[in-house]
There are 2 protein chains.
Amino acid sequence: MVRQREFDVDKALDAAMQLFWEKGYEATSLSDLTSAMGIQRPSIYSTFGDKKELFEAALRRYTSAHAAGIRAKLQHHPSVKEAFRVFFEGLVEEEYAGTGNRGCFCINTMVELAPHDAKFEILTREHEMYLAAMFQETIEKGLRSGELQAGLDAKALAQTLVVSLIGLTVIMKARPERAFVEHSVETMLSLIK
Amino acid sequence: MVRQREFDVDKALDAAMQLFWEKGYEATSLSDLTSAMGIQRPSIYSTFGDKKELFEAALRRYTSAHAAGIRAKLQHHPSVKEAFRVFFEGLVEEEYAGTGNRGCFCINTMVELAPHDAKFEILTREHEMYLAAMFQETIEKGLRSGELQAGLDAKALAQTLVVSLIGLTVIMKARPERAFVEHSVETMLSLIK
DNA sequence: AGTATATTATACCGATCAGTATATTATGAT
DNA sequence: ATCATAATATACTGATCGGTATAATATACT
C-alpha cells in the first residue's frame with residue numbers, strides 16, 4: 001500500500017552513533033549526519049525525530065552495547081581478580097593501540113550535556129549505576145567463591161572501580177605516558193584483594 | 001598618543017572563562033561572550049584574537065588558579081592524610097551544596113577538545129601532570145615525616161589520586177546519590193596509609 | 001491500470017554562526 | 001589646536017546552522 005523505506009534504520013543509527021561518539025552533540029551538524037548515515041535530511045526527521053532525539057537514540061544504542069560488552073568481559077574469566085585485570089588492562093591497551101581516541105560516548109555526554117539537560121543527566125547516571133551493579137555482582141561472586149577476602153565491601157569497591165574507569169577513560173584523552181595509567185590500574189586492582 | 005582601553009582585560013577574560021567553563025567551547029557563541037564580557041566584538045578580536053585563542057587564554061587562566069587553589073588546600077593541614085581527606089571531601093561537599101555543577105574546566109576541555117586539537121591535548125595533559133606532581137610532593141612529605149608508611153609508591157599513588165579526582169568530578173555531573181561518591185572517596189583515601 | 005500513501009530528493013526557510021569593514025570617538029604628543 | 005593612533009560601536013559579510021515545504025517517486029492494495 002505504501003512505498004517502503006530504502007535504508008537500513010539500524011545501520012543509519014549506527015552511523016549516527018559513531019559520529020556523535022567521535023564529535024559530540026554540538027560539533028556534529030545535520031549535514032555531517034546525512035553524509036555519514038547515507039540518507040537525506042527529511043528521512044532523519046521522519047524516522048528519528050529532531051537532532052536531540054536522534055542523539056538520544058544513538059546514546060541508548062551505545063549504552064546497551066557498552067554494558068553488554070563489559071558484562072561479557074567480566075564473565076570471561078572464572079577468576080574475578082583476573083577478569084578485572086584483563087578488563088582494565090584491555091581498556092588501556094585499546095586506547096594506546098589505535099590512533100583514534102573516542103573514549104566513552106556516555107562519559108562524553110555526561111560532560112557535554114548532562115549538566116544542562118535533565119534527560120541526559122538521568123540517562124548517563126542510570127548507565128553508570130548499571131555498570132556499578134555489574135561490578136558489584138562480580139565482586140560478590142568472588143566473595144561467595146572465597147577468591148576475595150571476606151569483609152570486603154563489594155558495593156563501595158564497585159563504585160570506586162566505576163569512578164576509576166571514568167577517570168582512566170578521561171585522562172587517556174590527554175594521552176599521558178602509558179606508565180601513568182598503568183600505575184593507576186595496578187593500584188586500583190590492588191583494592192580487589 | 002592613543003586612546004586607552006575602557007574595559008578591564010582581566011575582568012573580561014574572567015567573564016569569558018566563566019562562560020566557557022559552564023558551556024564549553026562549541027556551545028558558547030561570540031554573542032554570548034560579548035554580553036558576558038561587556039565589550040564589543042572587535043574588542044575581543046583585537047585584544048584576545050579569535051574564539052579559540054580566547055578560549056585558550058581562559059583555560060590557561062583557569063588552570064593556574066586551579067593549581068594554586070589545590071596547592072593551598074594540600075598545604076593547609078600538617079597531616080598529609082588529613083589534607084587529602086579535607087580536599088576530596090570538600091570537593092564532594094562543594095558539588096552537592098550548590099545547584100550549579102560546572103565541574104572542572106580542564107576536564108571539560110579534555111573531553112571536548114583534546115581528542116581533536118593537539119594544542120589542548122598538550123595543555124590539559126600538562127595540567128594533570130602538574131596536579132600529579134603536587135600530589136606526589138605531598139605524599140613524599142608524608143613519607144619523610146614518617147606519617148605515611150615507608151615503601152609506599154608515592155608516584156603511583158599520586159597518579160591514582162589524579163585519576164580518581166577526574167573520575168569523581170565527571171561522575172558528579174550525572175548527580176549520583178551522594179553515598180556513591182562518598183564510598184569512593186573513602187576507598188581512595190584508604191590507599192594513603 | 002489506477003489510486004492512496006509514505007518515502008524520497010531538492011530546494012528552501014529564517015536564524016545564527018564566526019569574523020570584519022567602516023566610521024566614529026577619545027587620547028596624548030607635537 | 002592639530003594630528004596620528006587606537007579603541008570603540010554599528011552594521012555587515014558569506015557560510016552554515018537546524019528544520020521544513022514541495023514535489024517527484026515508488027509501492028501495495030483495489
Side-chain angles (χ1 to χ4, degrees), chain A residues 1-60 105 108-109 112-113 116-120, chain B residues 1-60 105 108-109 112-113 116-120:
Chain A
M1 195 182 186
V2 298
R3 179 175 181 178
Q4 57 196 16
R5 191 175 276 126
E6 291 178 5
F7 65 94
D8 184 323
V9 174
D10 216 53
K11 279 203 171 74
L13 181 55
D14 189 75
M17 183 192 79
Q18 301 292 341
L19 203 57
F20 279 131
W21 183 359
E22 186 188 331
K23 305 185 42 165
Y25 178 77
E26 287 286 348
T28 302
S29 72
L30 261 294
S31 300
D32 294 334
L33 287 165
T34 54
S35 300
M37 299 169 79
I39 60 179
Q40 303 302 322
R41 215 169 274 234
S43 296
I44 292 183
Y45 282 86
S46 65
T47 309
F48 302 103
D50 67 13
K51 190 186 173 189
K52 264 268 169 67
E53 292 174 290
L54 172 59
F55 183 90
E56 184 185 341
L59 179 59
R60 286 186 187 279
F105 187 9
N108 297 352
T109 304
E112 186 184 6
L113 299 183
H116 310 99
D117 191 320
K119 171 170 271 172
F120 292 102
Chain B
M1 194 180 181
V2 298
R3 180 175 180 177
Q4 58 196 14
R5 193 175 273 125
E6 291 177 6
F7 66 93
D8 184 322
V9 174
D10 215 54
K11 279 203 172 77
L13 181 55
D14 189 76
M17 182 192 78
Q18 301 292 340
L19 205 56
F20 279 131
W21 185 358
E22 185 187 330
K23 305 184 39 163
Y25 178 77
E26 287 286 349
T28 301
S29 73
L30 261 294
S31 300
D32 293 335
L33 288 165
T34 54
S35 299
M37 298 169 80
I39 60 179
Q40 303 302 323
R41 214 169 275 236
S43 296
I44 292 182
Y45 281 87
S46 66
T47 309
F48 301 103
D50 66 14
K51 191 185 173 188
K52 264 270 168 67
E53 292 173 290
L54 174 58
F55 184 90
E56 184 185 340
L59 179 59
R60 286 185 187 278
F105 187 10
N108 297 352
T109 304
E112 186 184 6
L113 299 184
H116 310 100
D117 190 321
K119 171 169 273 175
F120 292 102

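Below, chains carry the letters A, B, ... as their sequence lines are ordered, and counting in each starts from 1. None of the values given here were measured: they were computed from a predicted structure.
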Peer 1: Let me know the distance between CD of B:Glu26 and C1' of D:dT16, rounded to the nearest Å.
Peer 2: 12 Å
Peer 1: Side chain of A:Arg41: nearest nucleotide among D:dT20, D:dT8, C:dT8?
Peer 2: D:dT20
Peer 1: Could you check whether A:Ser31 gets within reach of a base, just the sugar-phosphate, or nothing at all, counting any heavy atom under 4.0 Å?
Peer 2: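 It contacts sugar-phosphate atoms only.
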Peer 1: Start with the C-alpha distance between B:Glu56 and B:Lys52, add both sets of side-chain angles, then the distance that settles salt bridge (charged side-chain N to carboxylate O under 4.0 Å, His left out), and finish with yes or no.
Peer 2: CA-CA 6 Å; B:Glu56 184 185 340; B:Lys52 264 270 168 67; over 6 Å; no
Peer 1: Students often get this wrong, so: under 4.0 angstrom with heavy atoms, is A:Thr47 touching a base, only sugar-phosphate, or nothing?
Peer 2: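 Nothing: the residue A:Thr47, judged by heavy atoms under 4.0 Å, touches no strand.
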Peer 1: In whole angstroms, how far is the C1' atom of C:dT20 from the CD1 atom of B:Ile44?
Peer 2: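 Distance check: B:Ile44 CD1 to C:dT20 C1' gives 13 Å.
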Peer 1: Over how many whole Å does the gap from A:Lys51 atom NZ to C:dA15 atom P extend?
Peer 2: 19 Å
Peer 1: For a quick test of reading the model: is some side-chain N or O of A:Gln40 closer than 4.0 Å to OP1 or OP2 of C:dT8?
Peer 2: no
Peer 1: In whole angstroms, how far is the P atom of C:dT16 from the CG atom of B:Asp32?
Peer 2: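 Distance check: B:Asp32 CG to C:dT16 P gives 11 Å.
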Peer 1: Restricting to non-hydrogen atoms, name the atom on B:Asp50 and the atom on B:Tyr45 that form the minimum distance, rounded to 0.1 Å.
Peer 2: CA-CE2, 3.6 Å
Peer 1: What is the distance, to the nearest angstrom, from the CD atom on B:Glu53 to the C1' atom on C:dA18?
Peer 2: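 Computing the B:Glu53:CD to C:dA18:C1' distance gives 13 Å.
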Peer 1: Does the side chain of A:Asp32 pick up a donor-acceptor pair with the side chain of A:Ser35 at under 3.5 Å?
Peer 2: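 Checked: A:Asp32/A:Ser35 side chains show no N/O donor-acceptor pair below 3.5 Å.
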Peer 1: Expressed as a whole number of angstroms, how long is the span from A:Leu33:CG to D:dG19:P?
Peer 2: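 Distance check: A:Leu33 CG to D:dG19 P gives 11 Å.
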Peer 1: Measuring from the side chain of B:Ser29 (C-beta onward, heavy atoms only), which nucleotide among C:dC17, C:dT7, D:dG19 has the closest atom?
Peer 2: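 Output: C:dC17.
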Peer 1: Under 3.5 Å, is there an N or O donor on one side and an acceptor on the other linking the side chain of B:Arg3 and the base of D:dA6?
Peer 2: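 Between D:dA6 and B:Arg3, which were checked side chain against base, a qualifying N/O pair under 3.5 Å is absent.
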Peer 1: Could you please name the partner base of D:dT27, counting Watson-Crick and G-U wobble pairs only when both distances are under 3.5 Å?
Peer 2: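 For D:dT27, the partner nucleotide comes out as C:dA4, under the 3.5 Å rule.
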Peer 1: Can you see if the side chain of A:Ser43 gets near the phosphate of C:dT8 - specifically, an N or O under 4.0 Å from OP1 or OP2?
Peer 2: yes
Peer 1: Using a heavy-atom cut-off of 4.0 Å across all strands, would you classify B:Thr34 as base, sugar-phosphate, or nothing?
Peer 2: nothing
Peer 1: On DNA chain D, does the nearest nucleotide to A:Pro42 precede the nearest nucleotide to B:Arg5 from the 5' side, or the other way round? Give the residue.
Peer 2: B:Arg5
Peer 1: Under 4.0 Å, counting only non-hydrogen atoms across every strand here, what does A:Gln4 touch: a base, just sugar-phosphate, or nothing?
Peer 2: sugar-phosphate
Peer 1: Does any nucleotide pair with C:dC17 by Watson-Crick or G-U wobble geometry, both distances under 3.5 Å, and what is it?
Peer 2: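 C:dC17 is paired with D:dG14.
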Peer 1: Return the nearest nucleotide to the side chain of A:Tyr45; candidates are D:dT8, D:dG18, C:dG19.
Peer 2: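 Of the candidates, D:dG18 comes closest.
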Peer 1: Can you tell me how far P of D:dT20 sits from CD1 of A:Ile39, to the nearest Å?
Peer 2: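 These atoms are roughly 16 Å apart.
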Peer 1: In whole angstrom, what separates A:Met37's CE from C:dT7's C1'?
Peer 2: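 Rounded to the whole Å, the gap is 15 Å.
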Peer 1: If you compare all heavy atoms of A:Ala36 against all heavy atoms of A:Ala15, which two are closest, and at what distance to 0.1 Å?
Peer 2: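 In this case the closest contact between A:Ala36 and A:Ala15 is O-CB, 3.4 Å.
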Peer 1: Check A:Ala12 against A:Phe7 and note the closest heavy-atom contact, atom names and distance.
Peer 2: CB-CD1, 3.9 Å
Peer 1: With B:Phe20, which of B:Phe120, B:Phe55, B:Phe48 fulfils ring-ring contact (aromatic ring centres under 6.0 Å, His included)?
Peer 2: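 It is B:Phe55; the other options fail the test.
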